[in-house]
Amino acid sequence: MAQAHTGAVFNKPGFDLVGNYTYAFLGDGCLMEGISSEACSLAGHLQLGNLIAVWDDNHITIDGDTNQAFTEDVVKRYESYGWQVLTVGDGENDLEGIEAALKAAQEVKDKPTLIKLTTIIGYGSKLQGTHSVHGSPLKADDIKQLKTKFGFNPEESFAVPQQVYDLCHQASARGAAAEEEWNQLFAKYSEQYKAEAADLVRRQTGDLPEGWEKSLPVYTPADAAVASRKLSEIVLQKIYEAIPELIGGSADLTGSNLTRWKGAIDFQPPATGLGDYSGRYIRYGVREHGMGAIMNGLAAYGTLLPYGGTFLNFVSYAAGAVRLSALSQVRTIWVATHDSIGLGEDGPTHQPIETLAHFRALPNFMVWRPADGNETSAAYYVALTSKHTSSLLALSRQNLPQLEGSTIDKAAKGGYVLHEVEGADITLVSTGSEVCIAIDAVKELAEKHNLKTRVVSIPCFEVFDAQSREYRLSVLPDGIPSLSIEVMSTMGWERYTHEQFGLNRFGASGAYKDVYKKFEFTPEGIAKRAVATVDFWKDVPNIRSPINRAFQQLI
């Protein structure tokens, strides 16, 4: 997909700059995983003739022969996806057949190709054709007989024949010549298409266009209350022209995620009449896991910056791909809307409880839950400028007011003091749609309980943790008890607050205001727990901030 789009954008008559094939090597297990069905179904629809997959068809997985669990007709399945399927029956010896299949795959331009390469696992060893050779080293006597069988000296180890060196050097020389030929082509291209050449070079550095951040919207308390999913849409609408490598989509929830800017062209095969390969909006269908893996590939290609939309609870379907994003240090962005019990009548099946705790626990992954427009802009700013970290933006369905004291610069630190008061009795710490309720609780606590209250917003744990200890202690200081407020699992909040108010159970179906009231996420409900927190901690001398715990200092 990345090659098709990049080629459609940058290739010109006489300048076929971007025309590579993408090869995947896979086994029986790969074809059993649901993610391969999601991705390969979409690849067939998209007519990706540049994609060639080689299936090592050896009928063995860790448990043994595939006849125990995998007996479908894979060829027919892939043909039904719209793939070309080629077969090479002797994967051990038929080198000419393998080469012919690869060339035949390259000739078909409107279909991806699956090459069924039938092999014998552990070929030549005493254990060939069995699962015993799948993950275990061969024994010494087996290695010796194997070397003898294939004409090697059985007494030598790690010996590389000169012929192998020579063949590798020849391949390197061919590659160097091909690269030089491409460099010369690009030099001529740069003379005729200076802007496009400069853009292609810039994209590969990971740097964004200069001044793009000036497109980010800024809000004041006088602005209308807006759902953060809508605030996200406004950001995308503002920045898509400034960041031409931005490419996005949704897993069949475009109208709910609000991920498509006005006038966007869909990424589709031109033959369908639905769009073209230069389009920057991807219709992923109901394929969350496939979408996550595809975003990883788009990011790894080096010319695109991908985002994808779904409901926050459904990101869990893609957890394997999200984890690989973090491990691979690629830049992807999940636009995860309907982020709490505030989504309303869809109820517990759709209402995330454990989801943020799960993804906050993932190393090198930023989870943002913005409370208003400025925090949403800050989340996008940090996500887009973090070259080696992926991000998730948890966004509300319900409208949120623009908060007094929020700014992009403050929110970009991951956490900040939203409301300060001298001689505070308690600090309320919150994220997203609960921050405005915490602000309302300030008045409730003052008028009915004579308590002075600070309010802290922490839209992103990972970014807040990266700040200096001095800054974090200025936000969450010693001497003041603290209470976190978030309508989902409290797991993880003990790192920041003394007490936690959350939802450690499944939600409920109903209008969002009714559901919030049921679980007491109201100014009165927060005030009740804040009073209990103050009463519990009032006799504790020298209250230490959780930031001051020994292991917290090691972050």
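Sequential numbering from 1 along the given sequence is applied to the chain's residues.
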- Message: Ring centres under 6.0 Å, that's the criterion: do Y381 and W368 meet it?
- Response: no
- Message: Quick check against the 3.5 Å criterion: does R454 have a side-chain atom that pairs as donor or acceptor with the backbone of V475?
- Response: yes
- Looking only at heavy atoms, what is the nearest atom pair of L418 and G405, with distance? CD1-C, 3.7 Å
- Query: Could you go step by step and tell me if R260 and D266 meet the salt bridge (Lys or Arg N to Asp or Glu O under 4.0 Å) rule?
  - Reply: CA-CA 9 Å; R260 191 175 190 268; D266 284 2; 3.1 Å; yes
- Task: Identify the two heavy atoms, one from V335 and one from S232, that lie closest to each other, and give their separation to 0.1 Å.
- Result: CG1-OG, 3.8 Å
- Message: I'd like to know whether D339 forms a side-chain hydrogen bond (donor to acceptor under 3.5 Å, both in side chains) with S396, so could you lay out the CA-CA distance, the side-chain angles of the two residues, the decisive distance to 0.1 Å, and finally the verdict.
- Response: CA-CA 5 Å; D339 72 335; S396 74; 5.3 Å; no
- Give a yes or no on whether a salt bridge exists between R369 and E375, defined as a side-chain N under 4.0 angstrom from a carboxylate O. no
- Assess whether side chain to side chain contact (heavy atoms under 4.5 Å, CB included) is satisfied between L208 and L305, documenting all intermediate values. CA-CA 10 Å; L208 300 181; L305 204 170; 3.7 Å; yes
- Message: Any heavy-atom pair between the side chains of R202 and P244 that's under 4.5 Å?
- Response: yes
- Would you please classify the geometry between the W493 ring and the F461 ring as parallel, tilted or perpendicular, with 30° and 60° separating the classes? perpendicular
- Backbone of V455 reached by a side-chain donor or acceptor of T427 within 3.5 Å: no
- Are any of the side-chain nitrogens in D207 or K387 under 4.0 Å away from the carboxylate oxygens of its partner? yes
- Message: Side chains of N313 and Q351, heavy atoms from C-beta outward: is any pair under 4.5 Å?
- Response: no
- Heavy-atom count around Y23 OH within 6.0 Å, excluding the residue itself: above 12? yes
- Is atom CZ of F70 surrounded by more than 12 heavy atoms (other residues, nucleotides or ligands) closer than 6.0 Å? yes
- What's the verdict on salt bridge (Lys or Arg N to Asp or Glu O under 4.0 Å) for R495 and D465, showing C-alpha distance, side-chain angles and the deciding distance? CA-CA 10 Å; R495 292 167 54 197; D465 289 345; 2.5 Å; yes
- Query: Does any non-hydrogen side-chain atom of F365 lie less than 4.5 Å from one of T389?
  - Reply: no
- Task: May I ask you to test the T220-Q402 pair for a side-chain heavy-atom distance under 4.5 Å?
- Result: no
- Is H5 reaching over with its side chain to a backbone N or O of G279, donor-acceptor style, under 3.5 angstrom? yes
- Query: So which heavy atom on P306 is nearest to which on R331, and how close?
  - Reply: CD-O, 3.5 Å
- Do the side chain of S386 and the main chain of H388 share a donor and acceptor less than 3.5 angstrom apart? no
- Residues in side chain to side chain contact (heavy atoms under 4.5 Å, CB included) contact with Q204, at least two apart in sequence or another chain: L200, T303
- Decide if the gap between the ring center of F267 and the ring center of Y277 is smaller than 6.0 angstrom. yes
Using a 3.5 Å cut-off and no angle test, enumerate the donor-acceptor pairs between side-chain atoms of residues 515-523 and protein atoms at least two apart in sequence or in another chain.
{"residue": "Y516", "atom": "OH", "partner": "Q398", "partner atom": "NE2", "Å": "3.3"}
{"residue": "Y516", "atom": "OH", "partner": "S433", "partner atom": "OG", "Å": "3.0"}
{"residue": "Y516", "atom": "OH", "partner": "E434", "partner atom": "OE2", "Å": "2.7"}
{"residue": "E520", "atom": "OE1", "partner": "K528", "partner atom": "NZ", "Å": "2.9"}
{"residue": "E520", "atom": "OE1", "partner": "R529", "partner atom": "NH1", "Å": "2.9"}
{"residue": "E520", "atom": "OE1", "partner": "R529", "partner atom": "NH2", "Å": "2.8"}
{"residue": "E520", "atom": "OE2", "partner": "K528", "partner atom": "NZ", "Å": "3.3"}
{"residue": "T522", "atom": "OG1", "partner": "E524", "partner atom": "OE1", "Å": "3.4"}
{"residue": "T522", "atom": "OG1", "partner": "G525", "partner atom": "N", "Å": "3.0"}

- Heavy-atom check, side chain of F10 versus side chain of D199, under 4.5 Å: yes
- Would a 4.5 Å heavy-atom cut-off, applied to side chains only, mark L48 and M1 as touching? yes
- Query: So, for A293 and A321, which heavy atoms are closest and what is the spacing to 0.1 Å?
  - Reply: N-CB, 3.5 Å
- N-O pairing of K452 and D425 below 4.0 Å: no
- Message: As a quick check of understanding, evaluate side-chain hydrogen bond (donor to acceptor under 3.5 Å, both in side chains) for N542 and D478, giving each step before the final call.
- Response: CA-CA 8 Å; N542 303 319; D478 292 330; over 6 Å; no
- Message: Show, in sequence, the C-alpha distance, side-chain angles and deciding distance for E233 and W261, and conclude whether the side-chain hydrogen bond (donor to acceptor under 3.5 Å, both in side chains) test is met.
- Response: CA-CA 7 Å; E233 180 188 41; W261 59 79; over 6 Å; no
- Query: Within 45° of the axis and under 6.0 Å from the centre of the six-membered ring of Y471, does NZ or CZ of K413 qualify?
  - Reply: yes
- Would you check, one step at a time, whether the test side-chain hydrogen bond (donor to acceptor under 3.5 Å, both in side chains) holds for H419 with E404? CA-CA 8 Å; H419 175 74; E404 183 77 47; over 6 Å; no
- Task: Examine Y416 together with F464 and report whether their ring centres are nearer than 6.0 Å.
- Result: no
- Task: Please answer whether the main-chain N or O of V330 pairs with a side-chain N or O of S328 as donor and acceptor at a distance below 3.5 Å.
- Result: no
- Task: Would you mind reporting whether H498 and L483 have side-chain heavy atoms less than 4.5 Å apart?
- Result: no
- Item | Main-chain N/O of G492 paired with E494 side-chain donor or acceptor, under 3.5 Å | yes
- Ring centres under 6.0 angstrom apart (F314, Y317): yes
- Is it true that atom CD of E354 has more than 12 heavy atoms of other residues, nucleotides or ligands lying nearer than 6.0 Å? yes
- Is the number of heavy atoms from other residues, nucleotides or ligands under 6.0 Å of D535 CG greater than 12? yes
- Hey, does the side chain of R229 reach the backbone of H338 with a donor-acceptor pair shorter than 3.5 angstrom? no
- S256 side chain vs L253 backbone, donor-acceptor pair below 3.5 Å: no
- Verify the neighbour count for atom CE of M32: are there more than 12 heavy atoms of other residues, nucleotides or ligands below 6.0 Å? yes
- Task: Could you pull out all residues at least two apart from E462 that satisfy salt bridge (charged side-chain N to carboxylate O under 4.0 Å, His left out)?
- Result: none
- Task: Please answer whether the main-chain N or O of Y284 pairs with a side-chain N or O of R287 as donor and acceptor at a distance below 3.5 Å.
- Result: yes
- Task: Determine yes or no for a side-chain-to-main-chain donor-acceptor pair under 3.5 angstrom, with S390 supplying the side chain and T332 the backbone.
- Result: yes
- Check whether any side-chain heavy atom of L428 sits under 4.5 Å from a side-chain heavy atom of V456, and report yes or no. no
